[in-house]
K.L.:
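Please read through the structure below; I'll follow up with questions.
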Amino acid sequence: MSATTSGLEPVEALAASEFAFTRRAWVDAAPARVYDLVSDVSAISRWSPNASDVAYDHGAGPSVGAWFSGRNRKDGRAWTTRSQVVRADPPTAFGFVVGGRENGIVQWGWTLRPQGDGTLVQQSWQLLRLDPVLGTTRADLDALRRYMEDSVETTLVSLAQWIAEDRRRPESTGAAGTRPRGRSEP
């Protein structure tokens, strides 16, 4: 069996562009509401099975060039990443690059389109460059992509469920179930 067919093809022989995907889900909220949720990076831990403690740098927010940090978990390991916002087009698109625009390793993107009474949410993931920290063979990178695909599916389903539940909460206001952000109730 050759290295290529066994999945042991060395990372040097691969192209980062081979490792990308996009997933979609419909959510019961207007694009502006969804944009507010996904661009508030501190909220991602509500939906993501892997991210926590995410926050913009002091004084920063969802604008191109802004930086934020977050903790990630996978297979019993945890680490902190630094990311930079590379797209902030309310209410249609939000994106960031892990590692920043100049030295990034992964790009994440959210695209939002009105559909019926809600929004078609599209989340994408793309390796920008290969790095041994992600894996050293095609099999490693294929496994990473599958893991991230499952994570994104979970995130989108959780986001849709959270929005649906938020709309049903009695303290919710407005057509999209919005409440003041940044304050917790006593």
Side-chain angles (χ1 to χ4, degrees), residues 3-29 31 34-35 37-54 68-89 92-101 103-113 115 118-165:
T4 301
T5 58
S6 70
L8 299 177
E9 187 174 5
V11 73
E12 297 82 21
L14 304 174
S17 62
E18 295 180 53
F19 302 95
F21 64 87
T22 299
R23 294 293 180 267
R24 295 165 188 83
W26 183 87
V27 300
D28 191 13
V34 180
Y35 181 88
L37 291 169
V38 300
S39 66
D40 176 6
V41 296
S42 67
I44 192 65
S45 63
R46 293 176 184 162
W47 315 295
S48 172
N50 304 313
S52 64
D53 303 318
V54 184
F68 62 90
S69 298
R71 302 245 336 128
N72 293 281
R73 299 175 302 279
K74 180 180 182 286
D75 300 332
R77 294 185 355 228
W79 64 95
T80 299
T81 60
R82 295 278 296 148
S83 298
Q84 185 178 30
V85 176
V86 294
R87 187 166 185 195
D89 299 323
T92 60
F94 179 74
F96 60 91
V97 173
V98 178
R101 183 180 313 202
N103 195 31
I105 193 164
V106 174
Q107 182 162 331
W108 288 92
W110 296 83
T111 305
L112 315 167
R113 273 195 352 244
Q115 187 176 64
T119 301
L120 182 61
V121 178
Q122 188 170 278
Q123 188 176 14
S124 60
W125 180 88
Q126 165 73 57
L127 281 186
L128 298 175
R129 64 181 172 85
L130 301 173
D131 189 300
V133 73
L134 300 174
T136 57
T137 65
R138 172 175 291 283
D140 292 342
L141 294 173
D142 284 340
L144 173 64
R145 181 180 48 215
R146 284 190 304 274
Y147 180 86
M148 297 313 299
E149 288 170 343
D150 290 344
S151 176
V152 166
E153 292 282 342
T154 299
T155 298
L156 289 170
V157 167
S158 296
L159 173 64
Q161 289 173 339
W162 188 90
I163 287 171
E165 290 168 7

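For the numbers below, each heavy atom of this structure counts, side chains included, while hydrogens, waters and symmetry mates do not. We're numbering straight along the sequence, starting at 1.
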K.L.:
Leu128 pairs by side-chain contact (heavy atoms from CB on, under 4.5 Å) with which of Val106, Asn103, Val97, Val98?
P.N.:
Val97

K.L.:
Please find the pair of heavy atoms, one from Gln126 and one from Ala20, that lie closest to each other, and give the distance.
P.N.:
OE1-CB, 3.0 Å

K.L.:
For Thr92, which residues count as a side chain to side chain donor-acceptor pair (under 3.5 Å) partner, sequence neighbours excluded?
P.N.:
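Expected list: none.
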
K.L.:
Could you measure the distance from the CG atom of Asp140 to the CG atom of Leu134? Nearest 0.5 Å is fine.
P.N.:
9.5 Å

K.L.:
Donor-acceptor check, side chain of Trp47 to backbone of Thr154, threshold 3.5 angstrom: yes or no?
P.N.:
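No.
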
K.L.:
Looking at CD of Gln84 and CZ of Phe96, how far apart are the two atoms once the value is rounded to the nearest 0.5 Å?
P.N.:
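Nearest 0.5 Å value for the CD-CZ distance: 12.0 Å.
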
K.L.:
Where the side chain of Arg129 meets the backbone of Gly104, is there a donor-acceptor pair that is under 3.5 Å apart?
P.N.:
yes

K.L.:
Working to the nearest 0.5 angstrom, can you tell me the gap between Ile163 CD1 and Leu37 CG?
P.N.:
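Answer rounded to 0.5 Å: 5.5 Å.
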
K.L.:
Any side-chain donor paired with an acceptor under 3.5 Å for Arg71 and Ser52?
P.N.:
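There is no such pair (donor and acceptor under 3.5 Å, judged by atom type) between the side chains of Arg71 and Ser52.
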
K.L.:
With side chains defined as the heavy atoms from C-beta onward, is the minimum distance between Val152 and Trp108 less than 4.5 Å?
P.N.:
yes

K.L.:
Tell me the closest heavy-atom pair linking Leu112 and Pro31, and the distance in Å.
P.N.:
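Shortest heavy-atom contact: CD1-O, 3.8 Å.
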
K.L.:
Counting only heavy atoms not in Arg113, do more than 12 sit closer than 6.0 Å to its CZ atom?
P.N.:
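Atom CZ in Arg113 is not packed in, count stays at 12 or less.
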
K.L.:
What distance do Ser48 atom OG and Leu159 atom CG have between them, rounded to the nearest 0.5 Å?
P.N.:
11.5 Å

K.L.:
Name all residues meeting the side-chain contact (heavy atoms from CB on, under 4.5 Å) criterion together with Ala93; count only those two or more places apart in sequence or in a different chain, and write none if there are none.
P.N.:
Arg87, Asp89

K.L.:
Determine the sole option in Tyr147, Trp110, Phe21 for which the ring-ring contact (aromatic ring centres under 6.0 Å, His included) test with Trp125 is passed.
P.N.:
Phe21

K.L.:
Go through it in stages, so that I can follow the logic: the residues are Thr155 and Ile44, the test is side-chain contact (heavy atoms from CB on, under 4.5 Å), and I'd like the CA-CA distance, side-chain angles, deciding distance and then a yes or no.
P.N.:
CA-CA 8 Å; Thr155 298; Ile44 192 65; 4.2 Å; yes

K.L.:
Enter the distance from Ser45:OG to Arg73:CZ here, rounded to the nearest 0.5 Å.
P.N.:
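So the OG of Ser45 and the CZ of Arg73 are separated by 8.0 Å.
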
K.L.:
Can you check side-chain contact (heavy atoms from CB on, under 4.5 Å) on Thr111 and Val121, steps first, answer last?
P.N.:
CA-CA 6 Å; Thr111 305; Val121 178; over 6 Å; no

K.L.:
Is there any salt bridge (charged side-chain N to carboxylate O under 4.0 Å, His left out) pair reaching into residues 15-26, and which pairs are they, with sequence neighbours excluded?
P.N.:
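Checked against salt bridge (charged side-chain N to carboxylate O under 4.0 Å, His left out) - neighbours excluded - the pairs reaching residues 15-26 are Glu18-Arg138, Arg23-Glu149, Arg23-Glu153.
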
K.L.:
Could I get the full list of side chain to side chain donor-acceptor pair (under 3.5 Å) partners for Ser151, not counting sequence neighbours?
P.N.:
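Partners of Ser151 by the side chain to side chain donor-acceptor pair (under 3.5 Å) criterion, ordered by chain and then number, come out as Asn50.
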
K.L.:
Give the intermediate values and the outcome of side-chain contact (heavy atoms from CB on, under 4.5 Å) for residues Thr22 and Gln123.
P.N.:
CA-CA 6 Å; Thr22 299; Gln123 188 176 14; over 6 Å; no

K.L.:
Which heavy-atom pair separates Ala29 from Thr119 by the least distance, and what is that distance?
P.N.:
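Closest approach of Ala29 to Thr119, heavy atoms only: O-OG1, 2.6 Å.
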
K.L.:
Where do Trp26 and Gln115 come nearest, in terms of heavy atoms and distance?
P.N.:
NE1-O, 2.9 Å

K.L.:
Return the CG to OG1 distance between Asn72 and Thr80, rounded to the nearest 0.5 Å.
P.N.:
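Those atoms lie 8.0 Å apart.
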
K.L.:
Apply side-chain contact (heavy atoms from CB on, under 4.5 Å) to Val41 and list each qualifying residue two or more places apart in sequence or on a separate chain.
P.N.:
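Result, side-chain contact (heavy atoms from CB on, under 4.5 Å) vs Val41: Val54, Tyr56, Phe68, Phe94.
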
K.L.:
With sequence neighbours excluded, what pairs up with Ser158 under the side chain to side chain donor-acceptor pair (under 3.5 Å) test?
P.N.:
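Scan of Ser158 (side chain to side chain donor-acceptor pair (under 3.5 Å), adjacent residues dropped) gives none.
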
